[in-house]
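Data block below; observations after.
In this text, all values refer to a predicted model and were calculated from it rather than measured experimentally. Both counts, for ligands and for their atoms, begin at 1 and track the order of listing. Atoms considered below: every heavy atom in the structure, side chains included; atoms not considered: hydrogens, waters and symmetry mates.
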Amino acid sequence: MVSKENERSAADFFPEDINMSSLADAAASCEGCDIYKNATQTVFGEGKTTAQIVFVGEQPGDQEDRSGRPFVGPAGRVLDEALAASGIDRDLAYVTNVVKHFKWKPAPRGKRRLHERPRASEVDACRPWLDAELLLLQPRVIVLLGATAAQALLGRQFRVTQQRGIWLETELNAKVLATVHPSSILRAPDEASRETQFAEFVRDLKVVASEL
Ligand code: SF4
């Protein structure tokens, strides 16, 4: 697979034989956009190839970048808790991101690496990996976590706040639902809002659970 002339893309790094393991290996050397330059490693999707449900987030975070695995940091723990609370078997799920490298900027003070939202061109450049994952997995359900993932697959006009927790009309070959990214719950200003937002997240996931 080759991208359009003058446009860098993950497609330029695709293997000849496409399967989940060859894709993950090839993604490890992807230079389809500039994000890889400041990241530790590619964080490809993870889960069983028989997964019925695919959760798509924005990009790996600090801990994911260090470990090379998706959704293992604080947001991943919120997702795990919400899956348990909504009755979704974690083993049925494959977790991935629309962008496979961690984009960050240094904190004004100290050594922390702060999440930086990927640009639309970077999301587009990375999209072939996600498309290939979905093609191989053929999941029954796709859950889009947060605006970047939802807009990548459903268009830039899509608003998670207005259309969360419902089955959406899409051209994807699966039932599709959008909800918030679990990291947004961690950013809630106080414990009461955090609890409310978590309950709303679980309510959205219960819609998914009822389909499995
Ligand atoms: S973010 Fe995606 S397209 Fe950019 S270098 Fe990483 S894997 Fe490749």
Side-chain angles (χ1 to χ4, degrees), residues 1-49 51 54-76 79 93-107 112-137 139 142-156 158 160 172 176 178 181-184:
M1 207 183 288
V2 176
S3 59
K4 285 186 220 154
E5 206 175 346
N6 299 328
E7 256 180 44
R8 284 167 68 201
S9 161
D12 297 330
F13 298 84
F14 264 43
E16 297 245 321
D17 289 326
I18 293 182
N19 56 55
M20 211 52 102
S21 129
S22 69
L23 279 175
D25 286 350
S29 335
C30 183
E31 299 180 2
C33 73
D34 285 338
I35 302 182
Y36 78 93
K37 290 181 178 172
N38 288 326
T40 307
Q41 58 194 314
T42 305
V43 181
F44 205 69
E46 191 175 279
K48 290 187 179 155
T49 50
V54 173
F55 287 90
V56 185
E58 181 194 78
Q59 64 169 354
D62 181 78
Q63 288 189 29
E64 287 82 4
D65 172 75
R66 296 178 199 280
S67 71
R69 299 182 57 209
F71 287 95
V72 292
L79 178 62
Y94 180 95
V95 289
T96 191
N97 289 294
V98 283
V99 167
K100 309 293 197 226
H101 274 109
F102 177 39
K103 184 174 181 181
W104 61 277
K105 58 186 174 194
R112 282 180 58 220
R113 304 187 300 170
L114 302 180
H115 162 275
E116 194 171 14
R117 191 173 179 172
R119 289 200 305 264
S121 60
E122 293 161 339
V123 171
D124 289 347
C126 207
R127 175 72 186 269
W129 297 125
L130 176 63
D131 287 343
E133 287 173 296
L134 294 176
L135 192 69
L136 290 174
L137 291 164
I142 299 170
V143 180
L144 303 170
L145 299 170
T148 301
Q151 291 178 358
L153 274 84
L154 305 176
R156 306 224 159 100
F158 188 86
V160 172
L172 295 162
V176 178
H181 193 283
S183 62
S184 68

Legend entry - Spacing of CZ belonging to Arg127 relative to CG belonging to Leu153, to within rounding of 0.5 Å: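 If I round to the nearest 0.5 Å, the distance is 4.0 Å.
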Inset, instruction - Would you give the length of the straight line joining atom CZ of Arg113 to atom CG of Asp65, rounded to the nearest 0.5 angstrom? - result: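 One finds 4.5 Å between CZ of Arg113 and CG of Asp65.
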Inset, instruction - Evaluate the side-chain proximity of Phe102 to Thr40: yes if any heavy-atom separation is below 4.5 Å, no if none is. - result: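 No. Closest side-chain heavy atoms not under 4.5 Å.
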Inset, instruction - Can you sort out which atoms of ligand 1 are near Trp129, meaning under 4.0 Å from one of its heavy atoms? - result: 7 (S)
Inset, instruction - Report the residues that fulfil salt bridge (charged side-chain N to carboxylate O under 4.0 Å, His left out) with Glu122, sequence neighbours left out, ordered by chain and then residue number. - result: Lys103, Arg119
Inset, instruction - Tell me how many protein N, O or S atoms are closer than 2.8 Å to atom 4 (Fe) of ligand 1. - result: 1
Legend entry - Note: Arg8-Asp34 ion pair, threshold 4.0 Å (strictly below): yes
Inset, instruction - For Glu133 and Thr96, indicate whether the former's side chain and the latter's backbone hold a donor-acceptor pair under 3.5 Å. - result: no
